[in-house]
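Read the structure below first, then the notes.
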Amino acid sequence: MNVQKIIEEIKQLERQIEVLQIQISEIQQSCDHHFIGNEYYETCSKCNKVNVLYY
Ligand SMILES: [Zn+2]
């Protein structure tokens with residue numbers, strides 16, 4: 001496998017990741033969240049959305 005092919009494959013994977021991240025944010029936007037966590041951050045047990053509460 002040459003470098004050019006590997007770079008092409010990386011680009012394809014990056015596009016795939018982008019599509020998957022869009023899918024995640026769509027799911028998270030329509031989720032009826034159930035957050036659990038501590039004073040620093042909370043995570044939705046249904047969609048894994050994370051809210052940072054303390055910076
Ligand atoms: Zn959620």
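Numbering of ligands and ligand atoms starts at 1, following listing order.
More than 12 heavy atoms of other residues, nucleotides or ligands lie within 6.0 Å of CD in Gln12, so this atom counts as buried by the packing criterion. Shown here is Phe35, whose CZ atom has more than 12 heavy atoms of other residues, nucleotides or ligands within 6.0 Å.
Every residue was checked against the side chain to side chain donor-acceptor pair (under 3.5 Å) condition with Asn48, not counting sequence neighbours, and none meets it. Partners of His33 by side chain to side chain donor-acceptor pair (under 3.5 Å), not counting sequence neighbours: none found. By the side chain to side chain donor-acceptor pair (under 3.5 Å) test, Ser45 pairs with His34, sequence neighbours left out.
Taking 2.8 Å as the limit, the number of protein N, O or S atoms around the Zn ion (ligand 1) is 4.
Nearest heavy-atom pair, Lys46 versus Asp32, reported as atom, atom and distance to 0.1 Å: NZ-O, 3.1 Å.
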